[in-house]
Chemist: 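My structure is below; once you've seen it, I'll send some questions.
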Amino acid sequence: MLETVLAAIRGAHGVVVITGAGMSQESGVPTFRDARTGLWSQYDPSEFATEAAFRRHPSRVFGWYLWRWRVACQAMPHGGYGALVRLEHVFDDFLVVTQNVDGLHQRAGSRAVTELHGSLGAFRCLDEGHPFDAQLLVGIDVPEDGEVDPPACPACGSPIRPGVVWFGEVLPRAALKRATLAIEACDVVCVVGTSGLVYPAASLAWAAIERGRIVIEINPNPTPLTAHASVAWPANAGAALPLLADALGAQSRGA
Ligand code: BV8
């Protein structure tokens, strides 16, 4: 399978890597839809990942995100993240387009990253969007019942919310535009660890297929994209990406 992927990606000038929660799974950050361990198997997204849910139960929603932010901060980027950092130097143009909100790509050292769904660490106030310093939350414990009263915005008093894109909210325009332009300009799109069910993020891979780009999917499970990908590599991100980076890195050094 590695040889097939290498044949598909070799010689590419522009590469876009689209990542989802599966990219973080081997770093201990739970995915959303994996049957047993996915967040949505334990938490109802309409009760936790919408503005209406936050307005209804601010402490329950804020406490849940504070817990998720803690999990993300304690997670260590696995070898697949380091492989993406190395791949940045193999291609002329390289962009990571992530649906993830855990910040692991940046912590691993990726410099070209666009976050479609915001970031767990980018807290802001609900009504005016005033940024809120996450460091002020470091000492707050999440109790057994998971409920933490959101602090009030020092500037306007409205409750502090996580800086993620909830269901029913539009994606950050600049991030979506950067991702769309990169897909239009690239040769190869690598889709890693996403079920491809959430839009408009999921539409990016389909746009690549419609434009005749080479699309490589890395995912241990089938998704709606699998049958349409140029190459479908049934593998974990932490295993596949280092193999790819090693092989391509060796090539670029003329090894
Ligand atoms: C929008 C941030 C419109 C928050 C997330 C009603 C009203 C409005 C919109 C809608 C509506 N009904 C439907 C929609 C559209 C909706 C949508 O797509 N819903 C889906 C569920 C049908 N989209 C939206 O609401 C978007 N906004 O449309 O606004 C609008 C227009 C105008 C005006 C106003 C509004 C906003 C979508 C963003 C929602 N926010 N997250 C948070 O994190 O709490 S979504 C959430 O799902 C995450 O961001 C996540 O990234 C994303 C996608 O999930 P995946 O990353 O793919 O994760 P998943 O668990 O599903 O899959 C993991 C995969 O990894 C699996 O395939 C697994 O096999 C694989 N895997 C596992 N282990 C590994 C692995 N792969 C590799 N290696 C491994 N080791």
Side-chain angles (χ1 to χ4, degrees), residues 1 17-54 60-72 75 77-81 83-84 96-105 113-124 161-173 175-176 179 190-206 216-226 229 232-244:
M1 182 56 78
V17 179
I18 299 172
T19 63
M23 180 73 204
S24 303
Q25 184 267 332
E26 291 153 280
S27 287
V29 179
T31 64
F32 291 90
R33 295 170 186 83
D34 278 331
R36 268 181 322 97
T37 57
L39 286 171
W40 299 153
S41 63
Q42 303 158 63
Y43 301 93
D44 176 351
S46 65
E47 289 303 312
F48 287 90
T50 64
E51 181 182 327
F54 181 70
R60 180 167 68 183
V61 172
F62 187 79
W64 188 62
Y65 277 95
L66 200 55
W67 166 72
R68 284 185 55 203
W69 179 51
R70 289 276 156 75
V71 169
H78 57 71
Y81 285 94
L84 291 181
V96 172
V97 175
T98 190
Q99 299 171 87
N100 299 340
V101 294
D102 54 31
L104 288 183
H105 284 297
V113 181
T114 190
E115 294 173 314
L116 296 178
H117 293 159
S119 171
L120 283 169
F123 292 89
R124 65 174 192 265
R161 57 160 287 176
V164 301
V165 178
W166 278 327
F167 287 105
E169 293 187 321
V170 290
L171 275 57
R173 186 188 307 276
L176 193 53
C190 199
V191 183
V192 184
T194 180
S195 58
L197 298 175
V198 174
Y199 285 79
S203 62
L204 292 169
W206 293 106
I216 298 163
E217 181 183 50
I218 296 176
N219 191 325
N221 302 304
T223 72
L225 192 70
T226 305
W233 189 355
N236 284 344
L241 291 172
L243 286 175
L244 186 58

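All ligand and atom numbering here is 1-based and tracks the order in the structure.
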Chemist: Please report the shortest heavy-atom distance between G121 and W69, naming the atom on each side.
Modeler: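 Heavy-atom minimum between the residues: CA-NE1, 3.5 Å.
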
Chemist: Quick check on contacts: which atoms of ligand 1 are under 4.0 angstrom from a heavy atom of N221?
Modeler: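 By the 4.0 Å cutoff, the relevant atoms are 68 (C), 69 (O).
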
Chemist: Return a yes/no value for M23: is any of its N or O atoms, backbone included, closer than 3.5 angstrom to an N or O of ligand 1?
Modeler: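 Looking only at distances, the answer is no, because the N/O contact criterion of under 3.5 Å is not met.
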
Chemist: Please state whether the rings of W67 and Y43 are parallel, tilted or perpendicular, taking 30° and 60° as the class boundaries.
Modeler: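 Plane angle between 30° and 60°, so tilted.
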
Chemist: Below 4.0 angstrom from a heavy atom of Q99, which ligand 1 atoms are there? Numbered from 1 as shown, please.
Modeler: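 The atoms of ligand 1 under 4.0 Å from a heavy atom of Q99 are 49 (O), 51 (O), 52 (C), 53 (C).
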
Chemist: Using a 4.5 Å cut-off on heavy atoms from C-beta on, say whether the side chain of L241 contacts that of I218.
Modeler: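 Yes. Closest side-chain heavy atoms under 4.5 Å.
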
Chemist: Cation-pi check, R68 to W64: give yes when NZ or CZ is under 6.0 Å from the six-membered ring centre and within 45° of the ring axis, no otherwise.
Modeler: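 Output yes; distance and angle both within limits.
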
Chemist: Counting both backbone and side chain atoms, is some N or O of Y199 under 3.5 Å from an N or O of ligand 1?
Modeler: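 There is such a contact, yes.
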
Chemist: Against heavy atoms of L197, which atoms of ligand 1 measure under 4.0 Å?
Modeler: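 Listed by number with element: 18 (O), 20 (C), 22 (C).
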
Chemist: Using protein heavy atoms only, decide if any is under 4.0 Å from atom 14 (C) of ligand 1.
Modeler: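 Under the 4.0 Å cut-off, atom 14 (C) of ligand 1 has no protein heavy-atom neighbours at all.
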
Chemist: Given M23 and L104, is the side-chain contact (heavy atoms from CB on, under 4.5 Å) satisfied, shown in steps?
Modeler: CA-CA 9 Å; M23 180 73 204; L104 288 183; over 6 Å; no

Chemist: Using distance alone, decide if ligand 1 has a nitrogen or oxygen within less than 3.5 Å of any nitrogen or oxygen in A49.
Modeler: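 Among all N and O atoms of A49, none is under 3.5 Å from an N or O of ligand 1.
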
Chemist: How does V164 reach ligand 1, by side chain, by backbone, by both or by neither, if only non-hydrogen atoms under 4.0 Å count?
Modeler: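 Near ligand 1, V164 shows its side chain, while the N, CA, C and O stay back.
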
Chemist: Got H105 and E115 here, is their nearest side-chain heavy-atom distance under 4.5 Å?
Modeler: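 No. Closest side-chain heavy atoms not under 4.5 Å.
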
Chemist: Output the list of atoms in ligand 1 that are nearer than 4.0 Å to some heavy atom of A21, sorted by atom number.
Modeler: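 The atoms of ligand 1 under 4.0 Å from a heavy atom of A21 are 55 (P), 56 (O), 58 (O).
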
Chemist: Looking only at heavy atoms, what is the nearest atom pair of A237 and P242, with distance?
Modeler: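 What the structure gives for the nearest pair is O-CD, 3.7 Å.
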
Chemist: Using heavy-atom distances, let me know which of P222, S203, G193, G80 sits nearest atom 63 (C) of ligand 1.
Modeler: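 Shortest heavy-atom distance from atom 63 (C) of ligand 1: G193.
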
Chemist: For ligand 1, find out whether one of its N or O atoms is nearer than 3.5 Å to an N or O atom of V198.
Modeler: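 No, no N or O pair falls under 3.5 Å.
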
Chemist: May I ask you to check whether V165 has an N/O atom sitting below 3.5 Å from an N/O atom of ligand 1?
Modeler: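 Yes; at least one N/O pair falls below 3.5 Å.
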
Chemist: Do protein heavy atoms approach atom 10 (C) of ligand 1 to less than 4.0 Å?
Modeler: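 No.
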
Chemist: Can a non-hydrogen atom of F48 be found less than 4.0 Å from any atom of ligand 1?
Modeler: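 Flag not set, F48 not near ligand 1.
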
Chemist: Any protein heavy atom at under 4.0 Å, with atom 42 (C) of ligand 1 as the reference point?
Modeler: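 Given the 4.0 Å cut-off, atom 42 (C) of ligand 1 counts as touching protein heavy atoms.
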
Chemist: Can you find a pair of side-chain heavy atoms, one from R33 and one from L197, that are under 4.5 Å apart?
Modeler: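 Side-chain contact under 4.5 Å: yes.
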
Chemist: Can you confirm, on distance only, whether ligand 1 has an N/O atom lying under 3.5 Å from any N/O atom belonging to P220?
Modeler: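 The answer is no, given that P220 and ligand 1 share no N or O pair closer than 3.5 Å.
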
Chemist: Specify whether the nearest protein heavy atom to atom 2 (C) of ligand 1 is under 4.0 angstrom away.
Modeler: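 Yes; the ligand atom in question has protein heavy-atom contact below 4.0 Å.
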
Chemist: Could you tell me, atom by atom, which parts of ligand 1 come under 4.0 Å of a heavy atom of Q25?
Modeler: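 So the atoms of ligand 1 that pass are 73 (N), 74 (C), 79 (C), 80 (N).
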
Chemist: So W40 and T31, side-chain contact (heavy atoms from CB on, under 4.5 Å) or not? Walk me through it.
Modeler: CA-CA 8 Å; W40 299 153; T31 64; over 6 Å; no

Chemist: Who's closest to atom 70 (C) of ligand 1 heavy-atom-wise, of N219, V192, D34?
Modeler: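 Result: the heavy atom closest to atom 70 (C) of ligand 1 is in N219.
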
Chemist: Have a look at A35, G22, A202 and point out the one with the heavy atom closest to atom 65 (O) of ligand 1.
Modeler: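 It is G22 that holds the nearest heavy atom.
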
Chemist: Going through the checks in order, is the side-chain contact (heavy atoms from CB on, under 4.5 Å) test met by V97 and L116?
Modeler: CA-CA 7 Å; V97 175; L116 296 178; 3.6 Å; yes

Chemist: Give yes if a backbone or side-chain nitrogen or oxygen of E26 is under 3.5 Å from a nitrogen or oxygen of ligand 1, and no if not.
Modeler: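 In this structure, E26 places an N or O atom under 3.5 Å from an N or O of ligand 1.
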
Chemist: For the atom pair CG (N219) and OG1 (T226), what is the distance rounded to the nearest 0.5 Å?
Modeler: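 Interatomic distance, N219 CG to T226 OG1, rounded to 0.5 Å: 6.5 Å.
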
Chemist: side-chain contact (heavy atoms from CB on, under 4.5 Å), that's the test. Do V192 and V17 meet it? Break it down for me.
Modeler: CA-CA 7 Å; V192 184; V17 179; 3.9 Å; yes

Chemist: Nearest 0.5 Å, what's the CD1-CE distance between I216 and M1?
Modeler: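 Here the rounded value is 10.5 Å.
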
Chemist: Please output the side-chain donor-acceptor pairs of residues 162-171 that fall under 3.5 Å, not counting sequence neighbours, one pair per line with the distance.
Modeler:
unit_1 : atom_1 : unit_2 : atom_2 : d
W166   : NE1    : Y65    : OH     : 2.9
E169   : OE1    : R161   : NH2    : 3.0
E169   : OE1    : W166   : N      : 2.7
E169   : OE2    : R161   : NH1    : 2.7

Chemist: Give a yes/no on ligand 1: does G38 have at least one heavy atom closer than 4.0 angstrom to it?
Modeler: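 Outside the 4.0 Å threshold, so no.
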
Chemist: Please determine if A237 has a nitrogen or oxygen closer than 3.5 Å to a nitrogen or oxygen of ligand 1.
Modeler: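 N/O-N/O distance below 3.5 Å exists for this pair.
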
Chemist: From atom 31 (C) of ligand 1, work out which of V101, T37, V170 has a heavy atom at the shortest distance.
Modeler: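 Answer by nearest heavy atom: V170.
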
Chemist: What is the distance from atom CZ of F32 to atom OG1 of T37, rounded to the nearest 0.5 Å?
Modeler: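 Here the interatomic distance stands at 11.5 Å.
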
Chemist: Consider every N or O of R68 and every N or O of ligand 1, then say whether any pair is closer than 3.5 Å.
Modeler: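 Yes; the residue has a nitrogen or oxygen that sits under 3.5 Å from a nitrogen or oxygen of the ligand.
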
